[in-house]
Trainee: 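Sending over a structure as structure tokens; questions will come in a sec.
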Amino acid sequence: MAYTANKLKARFLSRTYVDDPADATVVRYIAWVKMGQNFLAKVALVSGTGVLTFKIFAATDSAGTSPTEVVAHATPTTADAAGDQLVLEVSQEQVLAAVAHASHVSVQLDCDAAGDICAVDYLIEPHNAYDGLTADVIA
């Protein structure tokens with residue numbers, strides 16, 4: 001049978017980022033993406049000793065100009081074993097309350113050890129659904 005499902009792929013934008021920087025102890029933004037109605041971020045510790053900072057920031061452009069914190073995870077240090085996951089979610093209203101003309105959001109992350117590796121998932125509910133919103137990404 002041919003694969004034809006396209007309900008969630010057309011309703012949500014989903015992306016996964018592998019975070020394996022040269023030094024995971026340096027605070028960094030994972031990726032700036034266009035804000036929709038709602039934004040959910042999940043970080044999973046793949047290997048290493050733990051997540052120290054897990055926050056969502058807002059900015060007025062895709063370059064992350066003048067980033068402003070919207071929300072921070074209360075206990076990120078509990079993610080200290082491979083497979084541990086942390087989740088944060090913000091609404092468009094929360095983002096606009098933090099930055100009046102915000103258009104983009106990003107996760108800010110840092111870890112306990114330089115060699116820590118994480119996977120970061122973004123799930124965005126856009127203002128308008130359309131076919132192909134979430135699609136295969138092949139590098």
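All heavy atoms count here, side chains included; hydrogens, waters and symmetry mates do not.
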Trainee: If you group Ile, Leu, Val, Met, Phe, Trp and Tyr by side-chain heavy-atom gaps below 4.5 Å, do Val99 and Ile124 land in one group?
Mentor: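 As far as the 4.5 Å side-chain criterion goes, Ile124 and Val99 are not connected within one cluster.
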Trainee: Please confirm whether the backbone N or O of Ile117 pairs with a side-chain atom of Asp20, one donor and one acceptor, at under 3.5 Å?
Mentor: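 Looks like no, no N/O pair under 3.5 Å.
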Trainee: Would you call Leu86 and Thr78 a side-chain contact if the rule is heavy atoms closer than 4.5 Å?
Mentor: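 Touching, per the 4.5 Å side-chain cut-off.
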Trainee: Please name the pair of heavy atoms, one in Gly132 and one in Ala135, separated by the smallest distance, quoted to 0.1 Å.
Mentor: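 Smallest heavy-atom distance, with atoms named: O-CB, 3.9 Å.
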Trainee: Distance-only check: which donor-acceptor pairs under 3.5 Å involve side-chain atoms of residues 57-65, not counting sequence neighbours?
Mentor:
from: Asp61; atom 1: OD1; to: Ala63; atom 2: N; distance (Å): 3.1
from: Asp61; atom 1: OD1; to: Gly64; atom 2: N; distance (Å): 3.0
from: Asp61; atom 1: OD1; to: Thr65; atom 2: N; distance (Å): 3.0
from: Asp61; atom 1: OD1; to: Thr65; atom 2: OG1; distance (Å): 3.0
from: Asp61; atom 1: OD2; to: Thr65; atom 2: OG1; distance (Å): 2.6

Trainee: Quick one: side-chain hydrogen bond (donor to acceptor under 3.5 Å, both in side chains) partners of Thr53, sequence neighbours excluded?
Mentor: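 Residues passing side-chain hydrogen bond (donor to acceptor under 3.5 Å, both in side chains) with Thr53: Asp110.
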Trainee: Side-chain contact test, heavy atoms from C-beta onward, threshold under 4.5 Å: evaluate it for Met35 versus His104 and give yes or no.
Mentor: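 Not in contact.
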Trainee: State yes or no: do Leu13 and Tyr130 share one hydrophobic cluster built from I, L, V, M, F, W and Y residues joined by side-chain heavy-atom distances below 4.5 Å, directly or via other members?
Mentor: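 Hydrophobic grouping puts Leu13 with Tyr130.
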Trainee: Considering all heavy atoms of both residues, which atom of Ala24 and which atom of Pro21 are nearest to each other, and what is their separation?
Mentor: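 Here Ala24 and Pro21 meet closest at CA-CG, 3.6 Å.
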Trainee: Atom NZ in Lys42, atom CG in Asp121: separation rounded to 0.5 Å?
Mentor: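 These two atoms lie 5.0 Å from each other.
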Trainee: Hydrophobic cluster mates of Leu40, side-chain heavy atoms under 4.5 angstrom, ILVMFWY only, any path?
Mentor: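 Its cluster partners, ordered by chain and number, are Leu8, Phe12, Val87, Leu123.
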Trainee: Kindly determine whether Val70 and Val105 satisfy side-chain contact (heavy atoms from CB on, under 4.5 Å), including the steps that lead there.
Mentor: CA-CA 9 Å; Val70 179; Val105 289; 5.7 Å; no
Trainee: Measure the CD1-CG distance between Ile138 and Asp136 for me, rounded to the nearest 0.5 Å.
Mentor: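 So the CD1 of Ile138 and the CG of Asp136 are separated by 5.5 Å.
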Trainee: May I ask whether Ile56 and Trp32 are part of the same hydrophobic cluster, defined by side-chain heavy atoms of I, L, V, M, F, W, Y residues being less than 4.5 angstrom apart, directly or through others?
Mentor: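 No: no chain of side-chain contacts under 4.5 Å links Ile56 to Trp32.
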Trainee: Can you name the residues that form a ring-ring contact (aromatic ring centres under 6.0 Å, His included) with Tyr122, not counting sequence neighbours?
Mentor: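 Per chain and number, Tyr122 pairs via ring-ring contact (aromatic ring centres under 6.0 Å, His included) with Tyr17, Phe39.
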Trainee: Is the side chain of Arg28 donor-acceptor paired with the backbone N or O of Leu109 at a distance under 3.5 Å, no angle test?
Mentor: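 Answer holds: yes.
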Trainee: Is there a side-chain contact (heavy atoms from CB on, under 4.5 Å) between Val51 and Cys118? Walk through the geometry before answering.
Mentor: CA-CA 9 Å; Val51 176; Cys118 292; 4.1 Å; yes
Trainee: Which heavy atom in Thr25 sits nearest to a heavy atom in Ala114, and how many Å separate them?
Mentor: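 Closest approach of Thr25 to Ala114: CG2-N, 3.6 Å.
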Trainee: Quick check: are there more than 12 heavy atoms from other residues, nucleotides or ligands sitting under 6.0 Å from NE2 of His101?
Mentor: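 Result for NE2/His101: open.
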Trainee: For Val120 and Thr16, what are the C-alpha separation, side-chain angles and deciding distance, and is it a side-chain contact (heavy atoms from CB on, under 4.5 Å)?
Mentor: CA-CA 6 Å; Val120 183; Thr16 299; over 6 Å; no
Trainee: Could you name each residue pair satisfying salt bridge (charged side-chain N to carboxylate O under 4.0 Å, His left out) that touches residues 74-100, not counting sequence neighbours?
Mentor: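 For residues 74-100, and leaving out neighbouring residues, there are no salt bridge (charged side-chain N to carboxylate O under 4.0 Å, His left out) pairs at all.
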Trainee: Considering all heavy atoms of both residues, which atom of Ala10 and which atom of Asn6 are nearest to each other, and what is their separation?
Mentor: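 Ala10 and Asn6 have their closest heavy atoms at CB-O, 3.3 Å.
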Trainee: Does a donor on one side chain and an acceptor on the other come within less than 3.5 Å for Ser91 and Asn38?
Mentor: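 No donor-acceptor contact under 3.5 Å links the two side chains.
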Trainee: Might you confirm whether atom CZ of Arg15 has over 12 heavy atoms from other residues, nucleotides or ligands at distances under 6.0 Å?
Mentor: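 More than 12 within 6.0 Å, yes.
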Trainee: For Glu69, which residues count as a side-chain hydrogen bond (donor to acceptor under 3.5 Å, both in side chains) partner, sequence neighbours excluded?
Mentor: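 Only Lys55 meet the side-chain hydrogen bond (donor to acceptor under 3.5 Å, both in side chains) criterion with Glu69.
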Trainee: State plainly whether one hydrophobic cluster holds both Val46 and Leu52, where clusters connect Ile, Leu, Val, Met, Phe, Trp and Tyr through side-chain heavy atoms under 4.5 angstrom apart.
Mentor: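 Per the 4.5 Å side-chain linkage, Val46 and Leu52 are not co-clustered.
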Trainee: Within a strict 4.5 Å, meaning less than it, do heavy atoms of the Phe54 and Leu88 side chains meet?
Mentor: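 Side chain of Phe54 against side chain of Leu88, heavy atoms only: contact under 4.5 Å found.
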